[in-house]
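Down below is the structure, laid out as structure tokens.
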2 protein chains.
Amino acid sequence: MQITSYTDYALRVLMFIAKSPTGQTTITEIADFFNISRNHLVKVVHQLGSKGFVKTTRGKGGGLALQRPPEMINIGDVVRSMENHFNWVECFDPAQQHCRLLPNCGLKHLFARAGNAYLDVLDSATLADVLLGITTIDLNPQIP
Amino acid sequence: MQITSYTDYALRVLMFIAKSPTGQTTITEIADFFNISRNHLVKVVHQLGSKGFVKTTRGKGGGLALQRPPEMINIGDVVRSMENHFNWVECFDPAQQHCRLLPNCGLKHLFARAGNAYLDVLDSATLADVLLGITTIDLNPQIP
DNA sequence: GTATAAGATGTATTTATTATACACCTATAA
DNA sequence: TTATAGGTGTATAATAAATACATCTTATAC
């Protein structure tokens, strides 16, 4: 039970931008810092852009910045925007309605409550909250 | 974000046994009912046995029964016993401690709280609770 | 005491999802 | 007009999960 690295990277991107001195950075810089696939990050960043979390600018001197201050970026929103489903059990998926315990099985309701409890906690925090313990980021590229 | 079918099947097995008229059934009967892989179920059932949820008996006339009444079987316990990890984000995995935001990143703590909230809900219910809406099970094998 | 029916075990294969790589496109500033 | 930035689509690789298969062990019935 784990979020995808796609979602994980999205959160790291936001944290990195928020902590970078100028508030402006590039995909390459982030990929080098975390030592992760630049190609994968491109897609993460693009989606963060289309969901309104970051502002991307192409061309020379371009890069990334937050669209809103960290206090206004909710972690639950980010996770919901990046993770592609929350079908906690099979029967949540509209395409998989063949379990013979349907429709009266109490599991579905229980897992719905559990999933909501999970997301409620994420909804209770902003980007600013998860940055609290981090003072500065050492921008030297990662030595593998 | 979904539990594995391995865990899903485990829960269904317990529900099926609890609702079967004699309280005794076989792997083949369960696999036929849910129209799922018998081979996979064998492993699920074996683990349910080794974790103390079901009593398995080999040989002719053997099969499965619950080791405890449904009121004494906690859903959170079952999920914890079947799901093989709850590394909500990468840094929960002791083998993956290379994220450069460690150790002061607030995400870890936040996801720990979210994961606990999720499991707390599952811990609040027993097998008896999730069976409440189910009156009887039609034991006729599934027509695919 | 042997045939049958049940679960147990280990390995191999298939499938699905996720992550990564690659090639090329578009935009923009110096 | 070139260098640098993100955007897009497709292909491949890696991983995890599910399934299949073969064989073993145990227990009961006859």
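Small disclaimer: the values here were computed from a predicted structure and weren't measured. The sequence lines fix the lettering, A, B, ..., with proteins before strands; numbering per chain opens at 1.
- Remark: the backbone N or O of D8(A) is not paired with any side-chain donor or acceptor of S5(A) at under 3.5 angstrom.
- The distance between atom CG of L48(A) and atom P of dG6(D), rounded to the nearest whole Å, is 13 Å.
- Proximity of a side-chain donor or acceptor of Q47(A) to a complementary backbone N or O of S81(A) within less than 3.5 Å is detected.
- Residue D8(B) is out of contact with every strand shown, counting any heavy-atom pair closer than 4.0 Å.
- Contact between the side-chain N/O atoms of Y9(B) and the OP1/OP2 oxygens of dT19(D) is found at a separation under 4.0 Å.
- Heavy-atom contacts of chain A under 4.0 Å fall on DNA chain C between two terminal nucleotides, which in 5' to 3' order are dT18(C) to dA29(C).
- The salt bridge (charged side-chain N to carboxylate O under 4.0 Å, His left out) check on R80(A) picks up D123(A), with sequence neighbours excluded.
- Closest-nucleotide positions on DNA chain C for Y6(A) and T25(B) were compared, and the one nearer the 5' end corresponds to T25(B).
- Between Y9(B) and H40(B), the ring planes are perpendicular. Angles over 60° get that label, and only those under 30° would be called parallel.
- For the atom pair CG of D32(A) and CD1 of I27(A), the computed distance is 12.0 Å after rounding to the nearest 0.5 Å.
- For the atom pair CG (L14(A)) and CG (L48(A)), the distance works out to 5.0 Å, reported to the nearest 0.5 Å.
- Within residues 86-93 of chain B, no residue places a heavy atom under 4.0 Å from DNA chain C.
- For F92(A) and F111(A), the gap between ring centers reaches or exceeds 6.0 Å.
- The nearest whole Å value for the distance from the CG atom in N35(B) to the C1' atom in dA18(D) is 15 Å.
- Residue-level contact check: H40(B) touches the bases, meaning some heavy atom is under 4.0 Å from a base atom.
- At whole-Å resolution of the value, NE2 in H46(A) and C1' in dA5(D) are 15 Å apart.
- Judged purely by atom type and a 3.5 angstrom limit, D129(A) uses its side chain to pair as donor or acceptor with the backbone of T126(A).
- When the C1' atom of dA5(D) is taken as reference, atom NZ of K55(A) falls 16 Å away, rounded to whole Å.
- Within the 4.0 Å cut-off from OP1 or OP2 of dA18(D), not a single side-chain nitrogen or oxygen of S37(B) is found.
- Judged as a salt bridge (Lys or Arg N to Asp or Glu O under 4.0 Å), not a single pair has a partner in residues 102-111 of chain A (not counting sequence neighbours).
- Rounded to whole Å, atom C1' of dG9(D) lies 16 Å from atom CD of Q47(A).
- A distance-only check finds no donor-acceptor pair linking the side chain of Q2(B) to the backbone of F86(A) [under 3.5 Å].
- Residues passing the ring-ring contact (aromatic ring centres under 6.0 Å, His included) test with Y118(A) are W88(A), W88(B), sequence neighbours excluded.
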Checklist outcome for this item: Going 5' to 3' through nucleotides 21-30 of chain D and flagging B where a protein heavy-atom sits under 4.0 Å of the base, S where only the sugar-phosphate is that close, and - otherwise, we get B---BBBBS-

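- In this structure, CG of L41(A) is placed 16 Å from P of dT8(D), rounded to the nearest angstrom.
- A distance-only check finds a donor-acceptor pair linking the side chain of Q67(B) to the backbone of V54(B) [under 3.5 Å].
- Where T28(A) and M1(A) meet DNA chain D, the nucleotide closest to each residue was compared, and T28(A) sits on the side nearer the 5' end.
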